[in-house]
Amino acid sequence: MGPHLARAVSSSSVQPNQLLPPTIPAIQAAPAHQTSMQAFTDAILTALAAETGLARDDLNLETPRNPELGDFAFPCFPLAKTLRKAPPIIAQGLAEGLTQRLEGIEVQATGPYLNFRIDRPSLAKSVIESILAAGATYGHSNQGAGKTIVIDLSSPNIAKPMSVGHLRSTVIGAAIQRLHDALGYTTVGINHIGDWGSQFGKLVAALDRWGGDVDLDNDPIPTLLKLYVRYHEEEEGDPSLKEAAAEAFRELESGVDGPVRAVWRKMTTLSLKEFDRVYKRLGVTFNEVRGEAFYETYLEPTVQRIVDSGITEVSEGALVVSLKQFGENLPPCILRKTDGTTLYATRDLAAVFHRWELYSFERCLYVVGGDQRLHFRQLKHVLDRMGLDWEPRMEHIDFGMVRLPEGKMSTRAGKVVFLQDVLDEASRRATEIIMEKNADLPDPQAVGEMVGVGAVVFNDLKRERVKDIAFTWEEVLAFEGDTGPYVQYTHARLASIRRKVEAAGEGSGQCDFAAVAEESTLILELGRFPAVLVRAAADAEPSLLTQYLLGLCRMINSWVARSRVLGQEAGVTSARLALANSCKAVVGNGLGLLGVPAPEEM
RNA sequence: GCGCCCGUAGCUCAGCUGGAUAGAGCACCGGACUUCUAAUCCGACGGUCCCAGGUUCGAGUCCUGGCGGGCGCACCA
């Protein structure tokens with residue numbers, strides 16, 4: 001079980017504005033063992049360094065496209081210049097010396113490449129044993145020990161239902177957090193709730209005017225949404241509404257704890273309660289759930305601090321930081337409007353200062369849509385102008401928009417797909433399929449929820465973050481091919497194999513690793529898992545993991561279709577079971593990090 | 001108008017931070033369930049890697065300029 005699951009507090013028990021401790025890395029963090037694969041690559045690199053006289057860090061191994069050629073390859077092109085020889089000659093020349101230095105690794109020069117092939121049985125033994133020894137922590141490490149990663153994720157606006165668009169920040173952010181947890185970082189997941197701003201003036205004013213007609217306690221969010229839309233519409237013909245909304249926000253921001261604030265507080269509480277139901281289904285928890293309102297008391301000091309740094313100016317009545325030096329057409333960052341109230345940017349600056357002071361983070365990742373690139377660029381430029389050297393640690397982890405085939409989603413215009421509906425439908429469809437395919441399964445509803453929600457989550461994490469997604473029901477409800485259920489199914493089959501073999505009393509003897517030695521592409525892929533996690537975390541790119549799992553499962557299913565575990569010679573069954581269990585561990589760990597449930601049966 | 005992001009098979013996407021013959025899934029076609037889950041597997045089909053230059057021993061990958069799509073451009077969040 002990953003450290004992230006050890007987080008003591010779930011969002012469902014969190015009150016707004018409550019400060020909670022960050023996650024603490026597990027005491028018996030993943031063993032600092034060198035992964036099996038690194039042992040081999042290290043040996044090769046050391047030998048190469050010795051043979052060429054070059055620094056190890058300058059040498060790079062790659063994987064041959066064609067696995068027949070070898071397990072690892074070293075292209076000799078870069079050496080051609082310094083050695084003044086043709087790459088194939090160099091490869092030829094190095095091969096002999098390397099062969100002598102490397103035991104159990106075959107070296108072959110193929111044209112300009114040096115190809116390395118690890119002795120099959122030792123590869124199988126080494127990788128499988130190291131996976132089974134690490135179990136649920138295989139791929140984990142403590143490389144991030146002592147470093148804190150702050151992740152700003154999900155961040156819905158209260159009084160609005162979550163759309164499929166909100167899923168992305170939540171699911172991508174949560175995966176990034178789990179990846180860092182697995183690598184031993186201390187992580188702080190912050191849900192920065194949008195509960196502040198002039199839009200809430202409108203809502204308060206709307207409730208003030210028509211609140212008597214509606215029942216807020218029952219189905220609060222759609223009710224609030226309707227009020228908001230109505231206010232927007234009627235505002236056109238009645239300018240007094242606009243003034244009433246502005247007045248309400250001014251009162252809200254003035255800090256007076258009067259009726260306006262009471263209404264606002266009620267909206268917030270009701271909305272958070274609704275959101276928690278979705279978070280629970282997604283298996284997402286936060287270390288801090290904080291509204292923008294939390295930073296209320298930090299706004300003045302923040303503005304003052306920026307003013308004191310001498311970079312502000314008054315332009316057209318507003319207090320701004322000019323960013324002209326970063327681009328002629330770059331708009332300034334506005335800290336305070338003409339009427340004295342603050343903006344989104346002001347609150348985000350207050351938040352990032354607060355986070356820096358609290359955590360001295362290694363990175364502070366904002367998992368926010370790509371439509372806000374300019375906003376984050378501006379914030380970073382402000383930090384830069386203030387001369388803060390930690391500015392590069394603030395990163396906008398942007399992602400593509402979810403669009404409908406007919407265009408951009410708009411809650412106000414009713415062109416929107418609600419997350420709740422997607423999860424419900426996916427869960428229902430999955431349950432239906434289960435009852436049809438696996439009638440004996442005890443709790444089809446529960447498993448259907450795992451598979452349905454898993455499909456939706458996996459689908460969102462499948463492609464590169466920055467790519468836009470055109471929402472189609474057909475795609476989120478796909479359960480075959482490159483989908484979450486495909487990976488879950490692979491896991492369930494492996495679990496089934498283990499159950500059957502154990503029930504038959506087989507597979508407990510000595511492993512004959514030669515029996516699985518030829519599955520080297522699969523085994524090499526299993527060995528790559530730790531490196532995938534490292535890269536996915538560094539790039540804040542969960543799709544590296546989803547894509548890896550899809551490829552791995554293709555190999556696994558192909559192998560399972562070809563070889564049978566049960567009923568072989570004892571050493572063979574044991575070895576195959578060990579391989580199956582290794583596969584199950586990797587798939588299970590991978591799914592866990594993505595936040596996709598890994599059912600034992602489906 | 002300016003800026004940022006994206007452009008790979010009919011569709012949705014990979015392509016390991018410049019390397020060997022560009023790979024999957026979906027769709028379509030053909031095959032495999034008396035044996036550990038057929039949400040699977042095996043096979044066939046499918047490509048001017050948007051276009052034009054440039055850098056390099058080598059470019060889908062880097063640079064420049066176009067084209068197409070998306071997003072954004074001071075008192076919204």
Side-chain angles (χ1 to χ4, degrees), chain A residues 60 62-66 69 73 75 77-78 80-81 86-87 110-113 115 155 157 194 196-199 292 315-320 327-339 341-345 347-348 369-375 377-378 398 400-401 403 408 430 433-434 437-438 441 451 455 462-464 466-470 472 474-475 478-483 485-490 492-501 503-504 528 531-532 535 539 543-544 547-548 550-551 553-554 557-567 576-577 580 601-602:
Chain A
N60 223 342
E62 44 190 65
T63 323
R65 209 172 273 281
N66 178 357
L69 291 168
F77 304 98
K81 258 188 212 128
T110 316
Y113 290 86
N115 289 316
S155 311
N157 289 332
W196 208 243
S198 41
Q199 55 173 317
E292 290 181 278
S315 169
E316 295 171 34
L319 183 68
V320 309
E328 203 40 52
N329 296 318
L330 203 61
C333 180
I334 302 181
L335 300 176
R336 212 197 279 288
K337 293 192 269 191
T338 312
D339 74 356
T341 53
T342 59
L343 293 97
Y344 188 42
R347 297 189 282 275
D348 256 345
D371 54 346
Q372 291 188 36
R373 284 186 186 109
L374 178 59
H375 169 71
R377 209 148 58 94
Q378 288 179 309
D398 58 346
M401 305 277 89
R403 303 163 40 77
K408 199 178 177 179
I433 294 174
I434 288 166
K437 294 187 185 242
N438 195 350
L441 201 61
V451 175
K462 195 163 72 172
R463 62 219 108 195
E464 214 186 345
V466 297
K467 295 228 159 81
D468 286 350
I469 297 180
T472 62
E474 193 191 352
E475 192 179 88
F479 296 156
E480 290 173 17
D482 282 354
T483 65
Y486 173 73
V487 179
Q488 292 175 314
Y489 178 73
T490 308
R493 282 183 84 175
L494 292 166
S496 172
I497 290 175
R498 168 147 80 187
R499 279 193 305 270
K500 296 259 159 83
V501 173
R528 217 164 64 80
V532 171
R535 176 110 190 267
D539 294 358
S543 73
L544 292 172
Q547 292 293 337
Y548 165 83
L550 287 170
C553 287
R554 234 173 273 136
N557 282 314
S558 175
W559 170 64
V560 167
R562 279 194 324 267
S563 2
R564 204 176 151 70
V565 179
L566 204 54
R576 287 185 179 170
L577 179 64
E601 279 182 274
M602 67 184 263

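As the structure is a computational prediction, the values presented were derived from the model and not from experiment. Hydrogens, waters and symmetry mates are skipped; everything else that's a heavy atom, side chains included, is used.
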Please state how far atom [atom1] in [X] lies from atom [atom2] in [N], giving the value in whole angstrom units.
| X | N | atom1 | atom2 | result |
| --- | --- | --- | --- | --- |
| Arg535(A) | rC16(B) | CZ | P | 7 Å |
| Met401(A) | rC5(B) | CE | C1' | 11 Å |
| Asp482(A) | rA24(B) | CG | P | 11 Å |
| Arg493(A) | rC41(B) | CZ | P | 8 Å |

What nucleic acid atoms does [X] come within less than 4.0 Å of, heavy atoms only: base, sugar-phosphate, or nothing?
| X | value |
| --- | --- |
| Thr341(A) | nothing |
| Ala73(A) | base |
| Arg463(A) | sugar-phosphate |
| Glu328(A) | nothing |
| Lys462(A) | nothing |
| Asn157(A) | sugar-phosphate |
| Leu330(A) | nothing |
| Val451(A) | base |
| Arg347(A) | sugar-phosphate |
| Arg562(A) | nothing |
| Leu550(A) | nothing |
| Tyr486(A) | sugar-phosphate |

Practice item. Sort out the partner of rG1(B) for me: Watson-Crick or G-U wobble, both distances under 3.5 Å, none otherwise. Key: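 Matched rG1(B) with rC73(B) under the 3.5 Å cut-off.
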
Point to revise | Complementary nucleotide of rG30(B), counting Watson-Crick and G-U pairs under 3.5 Å | key: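 Paired with rG30(B), as far as the under-3.5 Å criterion goes, is rC42(B).
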
With no angle test and no hydrogens, is the base of [N] tied to the side chain of [X] by a donor-acceptor pair under 3.5 Å?
| X | N | answer |
| --- | --- | --- |
| Glu316(A) | rA74(B) | yes |
| Ser543(A) | rA14(B) | no |
| Asn115(A) | rA20(B) | yes |

Review point. If you check every side-chain atom of Leu343(A), which of rA39(B), rA77(B), rA14(B) has the closest atom?
Key: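 From the listed options, rA77(B) comes nearest.
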
Atom pairs, protein N/O to nucleotides 57-65 of chain B N/O, distance under 3.5 Å:
none

Check the phosphate of [N] against [X], side-chain N and O only, distance under 4.0 Å to OP1 or OP2. Yes or no?
| X | N | result |
| --- | --- | --- |
| Lys500(A) | rU35(B) | no |
| Tyr344(A) | rA77(B) | no |
| Arg403(A) | rC71(B) | yes |

Check your understanding: Of Pro112(A) and Ala318(A), whose nearest nucleotide on RNA chain B comes first from the 5' end?
Key ->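 Going by which nucleotide is closer to the 5' end, it is Pro112(A).
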
Protein-nucleotides 27-30 of chain B N/O pairs under 3.5 Å:
none

Practice item. Answer yes or no: is there a donor N or O on one side and an acceptor on the other, between the side chain of Gln547(A) and the main chain of Arg463(A), under 3.5 Å? Key: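 Checking the backbone N and O of Arg463(A) against the side chain of Gln547(A), no donor-acceptor pair under 3.5 Å is found.
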
Review point. Less than 4.0 Å between a side-chain N and a carboxylate O, is that true for Arg554(A) and Asp482(A)?
Key: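 Salt bridge flag = yes for Arg554(A) with Asp482(A).
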
Review point. For rC33(B), does the O4'-C1'-N9-C4 (purine) or O4'-C1'-N1-C2 (pyrimidine) torsion place it in syn, i.e. within 90° of 0, or in anti?
Key: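 Classified syn.
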
